[in-house]
Amino acid sequence: MDKLHEECGVFGIWSSQAIDAAKDIYYGLLALQHRGQESAGIVVCDAKGPLGNICTHKGMGHVSEIFDKHTLGQLRGNIGIGHVRYSTTGASMTANAQPVFLNYLKGTLALAHNGNITNADEFREELQNQGASFAGTTDSEVIAYKIAMERLKTPSIEQASINVSRQLKGGFALLILSPQKLIGIRDPLGLKPLCLGKREDGSYILASESAAIISVGGQLIRDIEPGETISISEEGITSDYSLQGEKRAHCIFEYIYFARQDSVMDGISVYDARVRGGRSMARRFPVDADVVTGVPESGIPAAVGFSEESGIPFKLAFHKNSYVGRTFIKPTQAERVSAVKMKLSLIESVVKDKRVVLIDDSIVRGTTITNLIATMREAGAKEVHVRISSPPFLYPCYYGTDVPDNKELIANKFSTEEICKNIGADSLEYMHIEDLKDMTRDLGLCKACFDNNYPV
């Protein structure tokens, strides 16, 4: 509702053994559910059986709503890929759910994609002129068709995928499943995350986040490098680095908000990065207060860091009810406000008669933070000082993050002082853009939604 949304998450597994890949993918997608809540899908293949023996199932809703024991039992195979989606391009409908699955002259392939391709429309027009018929409207379907067409004149699915990826502009992490191979590709800038893991039974895993690898009993081996193409098959693991360039532009918002705080991305603990961000804000924007608290989930570690640096005690002021439905589908503003209150309930004794520092990860439209401050006032908070662990959102994202139009971004319409007054806070400060490096050390970052400096 008043938060940004990542476009999706991907998970794939390959094994030479007779494992239940669908069940592993199911649990992996549950661990990635925060990255996309509109649709989900699984494609598996029995690599030991006849070529092309691929099974698929996908639908709208949460992972647990789409798959049950019976459905998973029909998906038999030892390799497979899965996807959870939140739409930024393409309508929210079953035809746009992933993975994309294609039969073509040289076989079959399935593709799951996290990101957004800025030049996808020109490829769609080119393919339609060649007679391609698309079921949906996503970039992912365009990429899958391009790879299938390229494969007709290329000796391997890996090379076909690399050739197509070289033409793509934007952010992407791709998982490609052929009947006997699992292929992963990360965009040359590293805008979208992708990592590799392994399990004791010899299974290899590719996923958007390390937390998903851990959820199925695996161990993180490493991140896929920006511009790397990794192929896993009976022949072993091979990597191609021909897409690599020197520039890096990892999405800063993975560390501020998107990723689970128990994940590690590009060698950086997401939790530790958020704590460091909180420390930076305490140094730059000190305040006299009695208690520091954070808005769950990503505001909590930032609040811990603010507390550690400032010496102001940290306390949990909100209880998050994880079983409330998705607030963004509520039909009216009044119902959305009510749903937010059900999802986040205040522990009144923490804020009563206190001067409170309230830490959140962002302000998009301003509705959620306004409601939270009003609730604190009603509970007897004497002062509410807001600290935001990201700079103000001023510009759209073209790489797979759902940043609203500029006219909907509160920081694009009002000054910090005006926003402070509008939301009912005693003070408001945003993280300085130069302090983002404290969170991620020397990692090259994309900060375009803050500074209008687009890397592509």
Side-chain angles (χ1 to χ4, degrees), residues 4 6-12 32 35-36 88 111-120 139-140 143 161-162 164-176 183-197 205-213 220-231 237 239-260 263-270 272-274 276-277 390 397-401 403 433 436-451 453-456:
L4 302 190
E6 171 65 0
E7 186 173 350
C8 47
V10 297
F11 184 95
L32 296 173
R35 300 185 71 88
T88 61
L111 178 142
H113 167 219
N114 172 26
N116 194 47
I117 305 303
T118 59
N119 60 341
D139 298 352
S140 311
I143 299 170
S161 301
I162 292 168
V164 170
S165 296
R166 189 172 285 112
Q167 303 173 53
L168 303 179
K169 295 179 181 179
F172 56 91
L174 302 176
L175 294 187
I176 300 151
I183 299 167
I185 306 179
R186 190 177 183 188
D187 69 78
L189 294 169
L191 282 160
K192 295 300 171 185
L194 190 64
C195 56
L196 172 68
I205 303 158
L206 292 170
S208 294
E209 296 187 34
S210 61
I213 294 173
L220 174 66
I221 298 176
R222 63 177 178 88
D223 294 278
I224 304 304
E225 293 186 28
E228 179 183 358
T229 300
I230 185 169
S231 178
I237 298 179
S239 286
D240 180 284
Y241 299 96
S242 60
L243 298 176
Q244 279 195 339
E246 293 184 2
K247 188 176 181 179
R248 297 288 182 267
H250 303 270
C251 175
I252 182 57
F253 224 63
E254 293 287 353
Y255 300 94
I256 293 171
Y257 173 62
F258 289 143
R260 276 176 46 156
S263 285
V264 176
M265 284 187 170
D266 293 295
I268 296 171
S269 160
V270 172
D272 291 346
R274 291 172 185 168
R276 288 194 293 269
S390 67
C397 175
Y398 301 111
Y399 310 130
T401 299
V403 178
I433 196 164
L436 293 173
K437 65 180 183 298
D438 293 340
M439 298 180 68
T440 58
R441 306 306 193 198
D442 296 326
L443 195 67
L445 297 174
C446 176
K447 310 183 290 289
C449 51
F450 307 136
D451 63 9
N453 182 20
Y454 294 93
V456 179

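Count residues from 1 along the sequence.
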Measure the spacing between [atom1] of [X] and [atom2] of [Y] and express it to the nearest 0.5 Å.
| X | Y | atom1 | atom2 | answer |
| --- | --- | --- | --- | --- |
| L189 | L445 | CG | CG | 12.0 Å |
| S263 | L220 | OG | CG | 9.0 Å |
| L443 | K437 | CG | NZ | 14.0 Å |
| S140 | N114 | OG | CG | 9.0 Å |
| C195 | L206 | SG | CG | 8.0 Å |
| Q244 | T229 | CD | OG1 | 9.5 Å |

Under the 3.5 angstrom rule, does the side chain of [X] hit a backbone N or O of [Y] as a donor-acceptor pair?
| X | Y | answer |
| --- | --- | --- |
| R186 | G227 | no |
| N119 | Q167 | yes |
| R274 | Y255 | yes |
| Y399 | V456 | yes |
| R260 | A211 | no |

**Report entry** Parallel, tilted or perpendicular: rings of Y454 and Y398 (30°, 60°)
**Finding:**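 Plane angle between 30° and 60°, so tilted.
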Query raised in the report: Does Y241 have any ring-ring contact (aromatic ring centres under 6.0 Å, His included) partners at least two apart in sequence or in another chain, and if so, which?
Result: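 Not a single residue meets the ring-ring contact (aromatic ring centres under 6.0 Å, His included) criterion with Y241.
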Query - side chain to side chain donor-acceptor pair (under 3.5 Å) between D266 and H250, intermediate numbers included - result: CA-CA 9 Å; D266 293 295; H250 303 270; 3.2 Å; yes
Any side-chain heavy atom of [X] sitting closer than 4.5 Å to one from [Y]?
| X | Y | value |
| --- | --- | --- |
| S161 | L111 | no |
| D139 | F172 | no |
| S242 | I162 | yes |

[X] versus [Y], closest heavy-atom pair with distance:
| X | Y | answer |
| --- | --- | --- |
| R222 | I230 | NH2-CD1, 4.0 Å |
| L174 | S165 | CD1-OG, 3.9 Å |
| M265 | S208 | CE-O, 3.8 Å |
| L32 | V10 | CD1-O, 3.3 Å |
| S390 | I256 | CB-CD1, 3.7 Å |
| A207 | I213 | CB-CG1, 4.0 Å |

Query raised in the report: Given L194 and L175, is the side-chain contact (heavy atoms from CB on, under 4.5 Å) satisfied, shown in steps?
Result: CA-CA 9 Å; L194 190 64; L175 294 187; 4.1 Å; yes
Report task. With sequence neighbours excluded, tell me which residues meet salt bridge (charged side-chain N to carboxylate O under 4.0 Å, His left out) with D223. Result ->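 With neighbours one apart ignored, the set is empty.
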**Report entry** Identified side-chain contact (heavy atoms from CB on, under 4.5 Å) counterpart of D187 within the set K169, E228, K192
**Finding:**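 That would be K192; it is the only one of K169, E228, K192 passing the side-chain contact (heavy atoms from CB on, under 4.5 Å) with D187.
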Report task. May I have the step-by-step check of salt bridge (Lys or Arg N to Asp or Glu O under 4.0 Å) for R248 and E225, ending in yes or no? Result -> CA-CA 10 Å; R248 297 288 182 267; E225 293 186 28; 5.2 Å; no
